[in-house]
Amino acid sequence: MTARFSDMIIVLSGATGGFGLRTAERLAAEGAMLVLTDRMDDPGDAFRLLPAQCWTYVGGDAAEETTAMRVVESAISTHGRLDIAINNAGIAQNLAKLHRVPSEEARKIIDIDLMGVFHAMSQQLRVMEQQNRRDGTGGSIVNIASVAGLGAAPRLSVYAAAKHGVIGLTKSAAIEYAGRNIRVNAICPSYARTPMVEAMLDGYSDEERLEAETELVRGIPMRRLADVDEVVEAILFAAAPANSFMTGQAIAIDGGLGAL
Ligand SMILES: NC(=O)c1ccc[n+]([C@@H]2O[C@H](COP(=O)([O-])OP(=O)(O)OC[C@H]3O[C@@H](n4cnc5c(N)ncnc54)[C@H](O)[C@@H]3O)[C@@H](O)[C@H]2O)c1
């Protein structure tokens, strides 16, 4: 396989999670230099499968603007530039109708899932625009939204609002920076088998779990959860430099749901 990301400097948030870790592994295998970030100060041995020379780590809460600043500063001070940013950190919502969602929970979801992406993009676009002015290069940003950003998500209203917001940021920034050689796209998965979804199914008996999974995939023409690799494939496609004319897209990876 050709190394699509040879020597590219890539920041990736939510790097110890389901999509994040697999994306990091795939990017490292294709030659990238990674600045990984997640909420814990010390990622422990989460990245043991990655070659040590191809990654560094910055811990911090994605909801804090200072985390976004430290991550981008780390890319610049270590490597001198930033080619690709993948904004993947996020939390889910406890399933509940809107009037039962505590406002503290709603605020936390908006702070992490929407403001976190805003803070990250703000820092990333600043340096990518500088790169464009300096030498004509730019960059590529991939935001991990959700099918909940493309339509109704019953019992996930605040999560859906945050993800609709991420798609709004994606499309608007794509237009604002199109003339600066910076592409901005979003990937919108339906439910996939990651720790986020496993946590939703925790505590069920085998029989109940099957029922709950059936409920999660109800309405999905392929009638199953996505595999992590099926989503990561699309993240890499959106990020890849050869995909140089695609910007402002919110791409559903949804087993056919969006075509109904
Ligand atoms: N799994 C799915 O079915 C699914 C579907 C659609 C969209 N998504 C989105 O994909 C992204 C990744 O989710 P995942 O399924 O891999 O879940 P995950 O829980 O495995 O990973 C999420 C990662 O984000 C990190 N994170 C959470 N809060 C943070 C904070 N405040 N600061 C820094 N890092 C934080 C977690 O530590 C974790 O590593 C999320 O944005 C999620 O909304 C997931």
Side-chain angles (χ1 to χ4, degrees), residues 11-26 35-44 46-47 57-71 85-95 105 107-121 141-151 153 156 158-167 169-170 186-202 212-213 215-217 220 222 224-235 238 250-255 257-258:
V11 302
L12 166 65
S13 71
T16 71
F19 294 150
L21 186 54
R22 190 67 189 129
T23 301
E25 287 169 5
R26 293 281 306 274
V35 179
L36 304 172
T37 179
D38 210 309
R39 65 180 141 196
M40 57 295 278
D41 292 337
D42 179 353
F47 306 123
Y57 179 80
V58 179
D61 185 347
E64 298 289 337
E65 188 172 12
T66 51
T67 303
M69 290 173 167
R70 287 190 295 111
V71 172
I86 300 172
N87 298 317
N88 164 71
I91 57 168
Q93 175 189 333
N94 293 316
L95 294 172
E105 185 187 352
R107 166 106 27 222
K108 188 174 173 195
I109 292 163
I110 297 295
D111 279 349
I112 297 172
D113 290 1
L114 179 55
M115 290 305 293
V117 175
F118 166 75
H119 293 317
M121 288 177 71
I141 296 178
V142 181
N143 295 324
I144 312 309
S146 167
V147 291
L150 295 169
L156 287 171
V158 181
Y159 180 76
K163 295 298 189 181
H164 273 77
V166 169
I167 292 173
L169 293 175
T170 302
I187 296 299
C188 303
S190 54
Y191 285 116
R193 205 176 290 282
T194 69
M196 182 182 273
V197 167
E198 293 290 342
M200 291 167 85
L201 299 171
D202 257 5
E213 279 201 28
E215 184 63 23
L216 289 185
V217 302
I220 304 238
M222 286 192 181
R224 63 174 175 86
L225 299 175
D227 286 335
V228 169
D229 274 305
E230 292 174 316
V231 174
V232 170
E233 199 60 49
I235 296 172
I251 301 170
I253 310 299
D254 64 356
L257 179 68

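Counting convention: from 1, in listed order, for ligands and their atoms alike.
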Under 4.0 Å from one or more heavy atoms of Ile91, ligand 1 contributes atoms 27 (C), 28 (N)

Polar side-chain atom of Thr67 near backbone of Ala62 as donor-acceptor pair, under 3.5 Å: no

Considering both backbone and side-chain atoms of Asp61, is one of its nitrogen or oxygen atoms within less than 3.5 Å of a nitrogen or oxygen in ligand 1? yes

Does Ala145 have a non-hydrogen atom less than 4.0 Å from ligand 1? yes

Above 12 or not: heavy atoms from other molecules or residues under 6.0 Å from CZ of Arg224? yes

Which of the ligand 1 atoms, numbered from 1, are nearer than 4.0 Å to a heavy atom of Tyr159: 6 (C), 7 (C), 8 (N), 9 (C), 42 (C), 43 (O)

What protein heavy atom lies closest to atom 6 (C) of ligand 1? Include the residue and the distance to one decimal. Pro189 O, 3.2 Å

The closest protein heavy-atom partner of atom 17 (O) of ligand 1 is Met196 CB, 3.3 Å

Point-to-point distance, once rounded to the nearest 0.5 Å, from CG of Asn87 to CG of Leu169: 10.0 Å

Sub-4.0 Å heavy-atom approach of Ser190 to ligand 1: yes

Quick check on Lys163 - does any of its heavy atoms sit under 4.0 Å from an atom of ligand 1? yes

Among all the protein's non-hydrogen atoms, which is closest to atom 37 (O) of ligand 1, and how far away is it? Asp38 OD1, 2.5 Å

Side-chain heavy-atom pair Asp42, Tyr57 within 4.5 angstrom cut-off: no

Please report which non-hydrogen protein atom sits nearest to atom 21 (O) of ligand 1, along with the residue it belongs to and the distance in Å to one decimal place. Gly17 CA, 3.5 Å

Side chain, backbone, both or neither: the part of Thr194 lying under 4.0 Å from ligand 1 by heavy atom: side chain

Run down the list Ala199, Ser13, Ala15, Gly18 and name the one with the heavy atom closest to atom 20 (O) of ligand 1. Gly18

Taking every heavy atom of Ala89 against every heavy atom of Ser13, the minimum-distance pair comes out as N-OG, 2.9 Å

Answer with side chain, backbone, both or neither: which part of Ala92 has a heavy atom less than 4.0 angstrom from an atom of ligand 1? neither

Can you list the residues that meet the side-chain contact (heavy atoms from CB on, under 4.5 Å) rule with Glu105, with sequence neighbours excluded? Gln93, Asn94, Val101, Pro102, Ile109

May I ask you to test the Ile253-Ile251 pair for a side-chain heavy-atom distance under 4.5 Å? yes

Which atom names give the shortest non-hydrogen contact between Ala162 and Leu114, and what distance separates them? O-CD1, 3.8 Å

Can you tell me the protein heavy atom closest to atom 12 (C) of ligand 1 and the distance? Asn88 OD1, 3.0 Å

In terms of residue, atom name and distance, what is the protein heavy atom nearest to atom 22 (C) of ligand 1? Gly90 O, 3.7 Å

Atom indices of ligand 1, in the order listed, that fall short of 4.0 Å to a heavy atom of Val197: 1 (N), 2 (C), 3 (O)

Check each atom of ligand 1 against the heavy atoms of Gly14 and keep those under 4.0 Å away; list them by number with element. 23 (C), 24 (O), 25 (C), 39 (O)

Is it the side chain (CB and beyond), the backbone, both or neither of Thr16 that lies under 4.0 Å from ligand 1, heavy atoms counted? both

Going by the atom numbers of ligand 1, which of them fall below 4.0 Å from some non-hydrogen atom of Ile144? 9 (C), 10 (O), 11 (C), 41 (O)

With no hydrogens and no angle check, is any side-chain donor or acceptor of Ser146 less than 3.5 Å from a backbone partner on Cys188? no

Please indicate whether any nitrogen or oxygen in Ile112 is less than 3.5 Å from any nitrogen or oxygen in ligand 1. no

Please indicate whether Met222 has more than 12 foreign heavy atoms, meaning atoms of other residues, nucleotides or ligands, lying under 6.0 Å from its CE. no

So Val35 and Val71, do their side chains get closer than 4.5 Å, heavy atoms only? yes

Salt bridge (Lys or Arg N to Asp or Glu O under 4.0 Å), that's the test. Do Glu213 and Arg193 meet it? Break it down for me. CA-CA 10 Å; Glu213 279 201 28; Arg193 205 176 290 282; 3.2 Å; yes

Would you please determine whether Gly60 falls within less than 4.0 Å of ligand 1 on a heavy-atom basis? yes

Do Thr194 and Arg22 have side-chain heavy atoms sitting under 4.5 Å apart? no

Count the heavy atoms of every other residue, nucleotide or ligand shown that sit under 6.0 Å from CG of Asp41, and state whether that count exceeds 12. no

For Pro195, counting its heavy atoms only, list the atoms of ligand 1 lying under 4.0 Å from any of them. 20 (O)

Please write down residue, atom name and distance for the protein heavy atom closest to atom 44 (C) of ligand 1. Phe19 CE1, 3.5 Å

Around atom 3 (O) of ligand 1, find the nearest protein heavy atom and jot down its residue, atom name and distance. Ala192 N, 2.7 Å

